[in-house]
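Below is one structure; the comments refer to it alone.
Per chain, numbering begins at 1; letters A, B, ... match sequence-line order.
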Number of protein chains: 2
Amino acid sequence: MDRLDRKILRLLQEDSTIAVADIAKKVGLSTTPCWRRIQKLEEEGVIDRRVAILNPEKVNARVTVFVSIRTNSHSTEWLRRFAEVIVQFPEVVEFYRMSGDVDYLLRVVVPDIPAYDAFYKRLIEKIEIRDVSSTFAMEQIKFTTEMPLDYLPVDK
Amino acid sequence: MDRLDRKILRLLQEDSTIAVADIAKKVGLSTTPCWRRIQKLEEEGVIDRRVAILNPEKVNARVTVFVSIRTNSHSTEWLRRFAEVIVQFPEVVEFYRMSGDVDYLLRVVVPDIPAYDAFYKRLIEKIEIRDVSSTFAMEQIKFTTEMPLDYLPVDK
DNA sequence: CGTGAAACGTACTAGCC
DNA sequence: GGCTAGTACGTTTCACG
């Protein structure tokens, strides 16, 4: 993985509809070797998938809520079940196990506050949680799926 | 926007490389009207963009840090500058203005703890912040760019 | 909204320098 | 890695019901 691969990844992270010939032009390759590189990046799993990003406003997903969860100390089996339940909810778009004070953090996406309330009720109905605290985002100032590529080793 | 549009969006959120003919088959349309619908969804901005999602592990973006920021009360001009500076960092993949206790929340992506430390130093070098608190994610259990579509009105 | 078909572009393959 | 050329496939457009 060299400088050219990084350039290719940068472009595809921005817009995956770009033609291979255009990528080639921009990175200074001809199309064949450029195409081969993209294939390799896909085979290796560096490129995980290609998806359509929807406008949250337009699909009624206007409100983001961060949910901090503290669980009681439980068996690994219980924790597995817990994660399984959470993951099911389509409103949960991100789910992390945290270090420190809070055990888990969710990013939840819903149309409005009442919908969040309904979601919350469905959640605590399904699993017993010691402590939940919800914080609302007033504004999404930045959201990108682009990973910083500056940390990649110069050659791999 | 009806049931068929929702089906189309659901498929494209999962995998944007799927051929129009295949989408048509799955939603029970023929390709032409299906293609027209996709065009419309793009024109209307419901589909915002199509991107490649990279594997965070493979691009050395292993560590997610949530950064809670409390600012001093400042002028709107200062806040504009503040947001402008934050947005510049490629490590900041999400950036929210919050309600309640914390003023801003960042999701920051870096290879490891030392890299986070370096990022943090560069950050506070650029802007004065009253109070910063960083929490590390131990594990990303779920991350999806798929918005829940169940909240869309039956017909729009 | 459906069908079928034509026109075009792009991806993909192959062969060679 | 570069080139050229050919095939296959997908998108896009059109005519028509």
Side-chain angles (χ1 to χ4, degrees), chain A residues 1-55 58-60 144-147 149-156, chain B residues 1-55 58-60 144-147 149-156:
Chain A
M1 173 128 47
D2 60 6
R3 195 184 311 109
L4 296 179
D5 285 323
R6 272 210 294 283
K7 271 195 176 182
I8 292 170
L9 290 176
R10 233 182 274 278
L11 291 166
L12 286 175
Q13 281 199 114
E14 276 178 31
D15 177 11
S16 64
T17 66
I18 183 171
V20 178
D22 292 339
I23 300 176
K25 211 174 295 168
K26 292 201 182 187
V27 304
L29 275 175
S30 58
T31 66
T32 312
C34 186
W35 182 83
R36 284 193 204 120
R37 278 168 183 264
I38 295 168
Q39 290 304 311
K40 191 145 170 281
L41 290 167
E42 264 163 6
E43 276 164 30
E44 286 170 346
V46 179
I47 297 173
D48 185 54
R49 60 190 190 277
R50 292 154 188 258
V51 301
I53 303 289
L54 308 187
N55 182 328
K58 301 274 170 94
V59 294
N60 222 356
T144 181
T145 53
E146 295 175 39
M147 303 272 118
L149 299 179
D150 315 292
Y151 292 108
L152 280 172
V154 180
D155 264 80
K156 193 189 163 183
Chain B
M1 173 125 48
D2 60 6
R3 195 182 313 111
L4 296 178
D5 285 323
R6 272 209 295 282
K7 271 195 174 180
I8 292 170
L9 291 175
R10 232 182 275 276
L11 291 167
L12 286 174
Q13 280 200 113
E14 276 178 32
D15 177 10
S16 65
T17 66
I18 181 171
V20 179
D22 292 339
I23 300 177
K25 211 174 296 168
K26 291 201 183 188
V27 304
L29 275 173
S30 58
T31 68
T32 311
C34 185
W35 182 84
R36 284 191 203 123
R37 277 168 184 265
I38 295 168
Q39 289 304 309
K40 191 146 169 280
L41 289 167
E42 262 162 7
E43 276 164 29
E44 286 170 346
V46 179
I47 297 172
D48 186 54
R49 60 191 191 277
R50 291 154 188 259
V51 302
I53 304 289
L54 308 186
N55 183 329
K58 301 274 169 93
V59 294
N60 223 354
T144 182
T145 54
E146 296 176 39
M147 303 273 121
L149 298 179
D150 315 292
Y151 291 108
L152 280 171
V154 180
D155 265 78
K156 195 189 165 187

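Judged as a side-chain hydrogen bond (donor to acceptor under 3.5 Å, both in side chains), and not counting sequence neighbours, B/Asn55 has no contacts. Partners of B/Ser16 under the side-chain contact (heavy atoms from CB on, under 4.5 Å) rule, at least two apart in sequence or in another chain, are A/Ser16, A/Arg50, A/Ala52, B/Arg50.
For the atom pair CD1 of B/Ile47 and CG of B/Asp5, the computed distance is 9.0 Å after rounding to the nearest 0.5 Å. A distance of 6.5 Å separates CG of A/Leu9 from CE of A/Met1, quoted to the nearest 0.5 Å. To the nearest 0.5 Å, atoms CG (B/Leu12) and CD1 (A/Ile53) are separated by 11.5 Å.
For the pairing with B/Asp2, the salt bridge (charged side-chain N to carboxylate O under 4.0 Å, His left out) check across B/Lys40, B/Lys7, B/Arg37 returns one residue only, B/Arg37.
Near DNA chain C, meaning a heavy atom under 4.0 Å away, there are no residues from residues 22-30 of chain A.
Nucleotides of DNA chain C lying under 4.0 Å from heavy atoms of chain B occupy a range whose first and last members, 5' to 3', are C/dC1 to C/dG4.
Annotation: side chain of A/Met147 is not in contact with side chain of A/Leu152 (no heavy-atom distance under 4.5 Å).
In plain terms, the two heavy atoms of A/Glu44 and B/Lys58 that are nearest each other are O-NZ, 2.6 Å. Nearest heavy-atom pair across A/Val51 and B/Glu14 is CG1-O, 3.6 Å.
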Listed pairs under 3.5 Å, donor-acceptor, residues 19-36 of chain A side chains, sequence neighbours left out:
none

*Summarise how protein sits on nucleotides 11-17 of chain D as a single string, 5' to 3': B when a protein heavy atom is under 4.0 Å from the base, S for sugar-phosphate-only contact, - for no contact.*
SSSB---
